[in-house]
Amino acid sequence: MAEIKLAAQVRTEFGKGAARRARRAHQVPAVVYGHGAEPVHITLPGHELLLALRTANVLIGLEIDGKDALVIPKAVQRNPLKGDIEHVDLLTVKRGEKVNVEIAVHVEGDLAPGGNLLEYVMNTLLVEAEATNIPESVTVSVKGLDAGASILAKDIPLPAGSVLAEGDPNAIVLQVVAAQVEEAPAEEAGEEA
């Protein structure tokens, strides 16, 4: 995964008014924390941050007052109506350090014929990976699976360097269920006869 560089400015004003002024100037308030250091309150360029966050678990290189910091997004708050980014929490990481992140589960292939449906019990998997080599997603084949089949977390092949994080390895991620067929109500069946 490529590292995206962003220039950050340290925030000296706090509160709703200061955050609104920053957003009007196309800046996004953010906080950088981790590794026992004091949190650093910053603003980031809004458009560049929006583009960077399109990639899940993106690795961001920040330049804060001449110092470089490597971070990953931990929490993103969006405006519920407009979808604009309102605030971001960023976690400091080091090269070679292992981090726990959620990655998306994608499927490929067709289920066995017969009206089967695929149910996503979990859309994401919590994995431990090196901070500079975080996978974006994992792909699972469901080709030919029939009703009653399920895929467990431990059965999903993970990219090299990634392992399942804490949790139940026997947790069901995907399962195949038979489609439910509605029966005609008894009253209608009697009228037709």
Side-chain angles (χ1 to χ4, degrees), residues 1-106 122-139 153 156-167 169 171 173:
M1 175 184 307
E3 178 182 328
I4 296 176
K5 298 277 189 187
L6 294 177
Q9 298 173 355
V10 176
R11 279 192 290 159
T12 55
E13 295 182 312
F14 303 99
K16 284 184 187 177
R20 288 184 182 138
R21 281 191 293 280
R23 288 186 201 106
R24 273 195 302 270
H26 304 289
Q27 299 287 312
V28 175
V31 64
V32 177
Y33 61 90
H35 293 287
E38 287 293 316
V40 179
H41 299 273
I42 59 172
T43 57
L44 296 167
H47 184 70
E48 289 86 348
L49 180 63
L50 179 68
L51 294 176
L53 292 177
R54 287 188 175 174
T55 303
N57 301 317
V58 65
L59 188 63
I60 301 173
L62 295 180
E63 184 181 324
I64 308 170
D65 283 345
K67 297 178 184 173
D68 290 333
L70 202 57
V71 297
I72 57 173
K74 198 63 177 169
V76 178
Q77 297 172 3
R78 294 184 181 269
N79 181 308
L81 298 176
K82 296 180 182 178
D84 298 339
I85 300 172
E86 291 192 340
H87 188 272
V88 179
D89 289 352
L90 301 167
L91 180 65
T92 303
V93 294
K94 294 179 182 172
R95 294 189 190 282
E97 175 184 14
K98 297 277 188 174
V99 293
N100 289 347
V101 292
E102 289 187 346
I103 59 172
V105 176
H106 298 291
M122 297 167 47
N123 291 326
T124 60
L125 277 180
L126 185 64
V127 298
E128 182 181 273
E130 187 179 322
T132 56
N133 193 23
I134 299 172
E136 290 184 34
S137 63
V138 64
T139 304
I156 296 177
L158 297 174
S162 301
V163 295
L164 278 177
E166 67 269 355
V173 178

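Shown are Ile64, Thr43, Val32; of these, the side chain to side chain contact (heavy atoms under 4.5 Å, CB included) with Val10 is made only by Ile64.
Minimum interatomic distance between Ser137 and Pro159 (heavy atoms only, all atoms of both residues): O-CG, 4.4 Å. For the residue pair Leu44 and Ala7, the shortest heavy atom distance occurs at CD2-O, 4.2 Å. Across all non-hydrogen atoms, the minimal contact from Ala160 to Asn133 is O-ND2, 4.1 Å. Considering every non-hydrogen atom in both Val138 and Pro157, the closest pair reads CG2-O, 3.1 Å. Residues Lys98 and Glu130 share a closest heavy-atom pair of CD-N, 4.0 Å. When every heavy atom of Gly46 is checked against every heavy atom of Val28, the shortest pair comes out as CA-CG2, 3.7 Å.
Put simply, the side chain of Arg11 gets close to the backbone of Ala30: a donor and an acceptor are under 3.5 Å apart.
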Point to revise | Evaluation steps, side chain to side chain contact (heavy atoms under 4.5 Å, CB included), between Val163 and Val127 | key: CA-CA 6 Å; Val163 295; Val127 298; over 6 Å; no
Practice item. I would like to know whether Thr124 and Val105 meet side chain to side chain contact (heavy atoms under 4.5 Å, CB included); could you show each step before the answer? Key: CA-CA 5 Å; Thr124 60; Val105 176; 5.6 Å; no
Exercise for review: Kindly indicate, with the supporting measurements, whether the criterion side chain to side chain contact (heavy atoms under 4.5 Å, CB included) is fulfilled by Val31 and Ile42.
Suggested key: CA-CA 6 Å; Val31 64; Ile42 59 172; over 6 Å; no
Practice item. Please test Asn57 against Ile72 for side chain to side chain contact (heavy atoms under 4.5 Å, CB included), starting from the C-alpha separation and ending with a verdict. Key: CA-CA 6 Å; Asn57 301 317; Ile72 57 173; 5.9 Å; no
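By the salt bridge (Lys or Arg N to Asp or Glu O under 4.0 Å) test, Arg78 is found to be paired with no residue, residues two or more places apart in sequence or in another chain being considered. Take His26 and apply the side chain to side chain donor-acceptor pair (under 3.5 Å) test, not counting sequence neighbours, and it matches no residue. The side chain to side chain donor-acceptor pair (under 3.5 Å) check on Asn79 picks up Glu86, with sequence neighbours excluded. Contacts of Gln77 classified as side chain to side chain donor-acceptor pair (under 3.5 Å), with partners at least two apart in sequence or in another chain: none. Under the rule for a side chain to side chain donor-acceptor pair (under 3.5 Å), Glu48 has no partner lying at least two apart in sequence or in another chain.
Side chains of Leu164 and Leu126 form no contact here, defined as non-hydrogen atoms less than 4.5 Å apart.
The structure places NZ of Lys67 at 13.5 Å from CG of Leu62, a figure rounded to the nearest 0.5 Å. With rounding to the nearest 0.5 angstrom, the CD atom of Glu102 is 12.5 Å from the CD1 atom of Ile134. Taken to the nearest 0.5 Å, the OG1 atom of Thr55 stands 9.5 Å off from the CD1 atom of Ile60.
For His106, the NE2 atom is densely surrounded, since the number of other residues' heavy atoms within 6.0 Å is greater than 12.
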Give every donor-acceptor pair under 3.5 Å between a side-chain atom in residues 88-96 and any protein atom, sequence neighbours left out.
unit_1, atom_1, unit_2, atom_2, d
Asp89, OD1, His87, ND1, 3.4
Thr92, OG1, Tyr33, O, 3.4
Arg95, NH2, Glu3, OE1, 2.8

